[in-house]
Amino acid sequence: MTPEIRKIVSYREDTLIEGHKPASAPWEMFAVAAVVKNPWAGRFEEDLGPVIRSFGPTLGATLTERITRMAGNGDRIEAFGKAGVVGLDGEIEHASGLIHTLRFGNHFREAVGAKSYLAFTNIRGGANCAIQIPLMDKNDAGRRSHYLTIQFAVPDAPRADEIVVALGAATGGRPHHRIGDRYQDLKDLGHDLDNPAAV
């Protein structure tokens, strides 16, 4: 079984001025999304596994190839994330199932040489809803400069019986970041950096 992809949408932002100050280099953010027929729409399916295992590799490889090409190559990508939006005749579990599988996400992680997990959102929405993809540093989850969100919409998707599956990326962090990283906060609060939950 292969996913029925109605369309693939690409989105790009090049920010030259941020906060009334020019960026030293263009701040590049990208997203790519596949609009997929939801095979479970309108009914309850107990076992989502067979479709997840079938769809994941195709969607992961297709979207990864496109977003790394948009960036120039995987090495240029510093921050990354993913999102799933299920149409109104589906469950949140359907969107979650297609993006929360290593068969999908590992294509992107391997292409950019990442150590971190992919930040994510999974929601239900109608056509033209905001698709928000949270991003974070691909190797350092505490690097706040790379806590980003890329937002776009697909005017005719998702239809009630569709799922939008998306990847997002950035070639750097916010141009004028100045809020530090979480490690200094942990030190200031007396937390062990190797075990942040301990006091």
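Values below: all heavy atoms of this structure, side chains included; hydrogens, waters and symmetry mates excluded.
No more than 12 heavy-atom neighbours from other residues, nucleotides or ligands sit within 6.0 angstrom of CD on Glu93. When the shell of 6.0 Å around CZ of Arg178 is examined, it contains 12 or fewer heavy atoms from other residues, nucleotides or ligands. Within 6.0 Å of atom CD in Gln151, more than 12 heavy atoms from other residues, nucleotides or ligands are found, so the atom counts as buried in its surroundings.
Between the side chain of Lys138 and the backbone N or O of Glu78, no donor-acceptor pair lies under 3.5 Å. With hydrogens and angles ignored, the 3.5 Å screen pairs no side-chain donor or acceptor of Arg182 with any backbone N or O of Arg144. Side-chain N or O atoms of Arg174 include one that pairs as donor or acceptor with a backbone N or O of Tyr147 at under 3.5 Å. Remark: the backbone N or O of Leu98 is not paired with any side-chain donor or acceptor of Thr101 at under 3.5 angstrom. At distances below 3.5 Å, not a single donor-acceptor pair connects side-chain atoms of Asp156 with backbone N or O atoms of Arg159. The backbone N or O of Asn139 lies less than 3.5 Å from no partner atom in the side chain of Arg143, so there is not a single donor-acceptor pair. The backbone N or O of Ala153 sits nowhere less than 3.5 Å from a side-chain atom of Tyr11 that would complete a donor-acceptor pair. Between the side chain of Thr121 and the main chain of Gln132, a donor-acceptor pair closer than 3.5 Å is present.
Looking at Ile133 and Phe120, their side chains never come closer than 4.5 Å, going by heavy atoms from C-beta outward. Residues Val112 and Asp75 are not in side-chain contact: their nearest non-hydrogen atoms beyond the backbone lie 4.5 Å or more apart. Residues Glu28 and Arg12 meet the side-chain proximity criterion, which asks for heavy atoms closer than 4.5 Å. The closest side-chain heavy-atom distance from Glu91 to Val86 is not below 4.5 Å. In this structure, Val154 and Ile131 have side chains that are in contact, with non-hydrogen atoms separated by less than 4.5 Å. Looking at heavy atoms from C-beta onward, Leu16 lies out of side-chain contact with Trp27 at the 4.5 angstrom threshold. The shortest side-chain heavy-atom distance between Thr68 and Asn73 does not fall under the 4.5 Å cut-off. Between Pro26 and Thr15, every side-chain heavy-atom pair lies at or beyond the 4.5 Å cut-off.
Listed here is the closest heavy atom pair of Gly87 and Arg124: O-CG, 3.8 Å. Nearest heavy-atom pair, Asp137 versus His146, reported as atom, atom and distance to 0.1 Å: N-CB, 3.6 Å. Residues Ser145 and Asp181 share a closest heavy-atom pair of N-OD1, 4.2 Å. Considering every non-hydrogen atom in both Met136 and Ser116, the closest pair reads CE-CB, 3.7 Å. The heavy-atom pair separating Phe80 from Tyr117 by the smallest distance is CE2-O, 3.6 Å. Pro158 approaches Gly125 most closely through the heavy-atom pair CG-O, 3.4 Å.
In this structure, CG in Leu167 is found 11.0 Å from CD1 in Ile150, a value given to the nearest 0.5 Å. Rounding to the nearest 0.5 Å gives a distance of 13.0 Å between OG1 of Thr62 and CD1 of Ile67. Separation of atoms OG (Ser10) and CZ (Arg66) is listed at 6.0 Å; rounding is to 0.5 Å. Atom NE2 of His100 sits about 5.5 Å away from atom NZ of Lys82, to the nearest 0.5 Å.
Test Asn38, Asp89, Val35 against Glu162 for side chain to side chain contact (heavy atoms under 4.5 Å, CB included) and you get one pass: Val35.
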Worked check of side-chain contact (heavy atoms from CB on, under 4.5 Å) between Val32 and Val9:
CA-CA 6 Å; Val32 62; Val9 176; over 6 Å; no
Between Glu4 and Arg6, is the salt bridge (charged side-chain N to carboxylate O under 4.0 Å, His left out) condition met? List the steps.
CA-CA 6 Å; Glu4 182 181 324; Arg6 180 165 67 86; over 6 Å; no
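Residues Ile8 and Val36 share a single hydrophobic cluster, defined by chaining ILVMFWY side chains whose heavy atoms lie under 4.5 Å apart. There is a path of hydrophobic side-chain contacts, each under 4.5 Å, that joins Phe108 to Ile5. In this structure, Leu118 is a member of the same hydrophobic cluster as Ile52, with clusters built from ILVMFWY side-chain heavy atoms closer than 4.5 Å. Put simply, Val51 and Ile163 are part of the same group of oily side chains (I, L, V, M, F, W, Y) that touch within less than 4.5 Å, one to the next. Linking ILVMFWY residues whenever their side-chain heavy atoms come closer than 4.5 Å, directly or via other members, leaves Ile77 and Met29 in distinct clusters.
Ion pairing between a basic and an acidic side chain is recognised when a charged N comes within 4.0 Å of a carboxylate O; Lys187 and Asp185 show no such pairing.
The aromatic rings of Trp40 and His94 are tilted relative to each other, their planes meeting at an angle between 30° and 60°.
A donor-acceptor pair shorter than 3.5 Å cannot be found between the side chains of His176 and Glu18.
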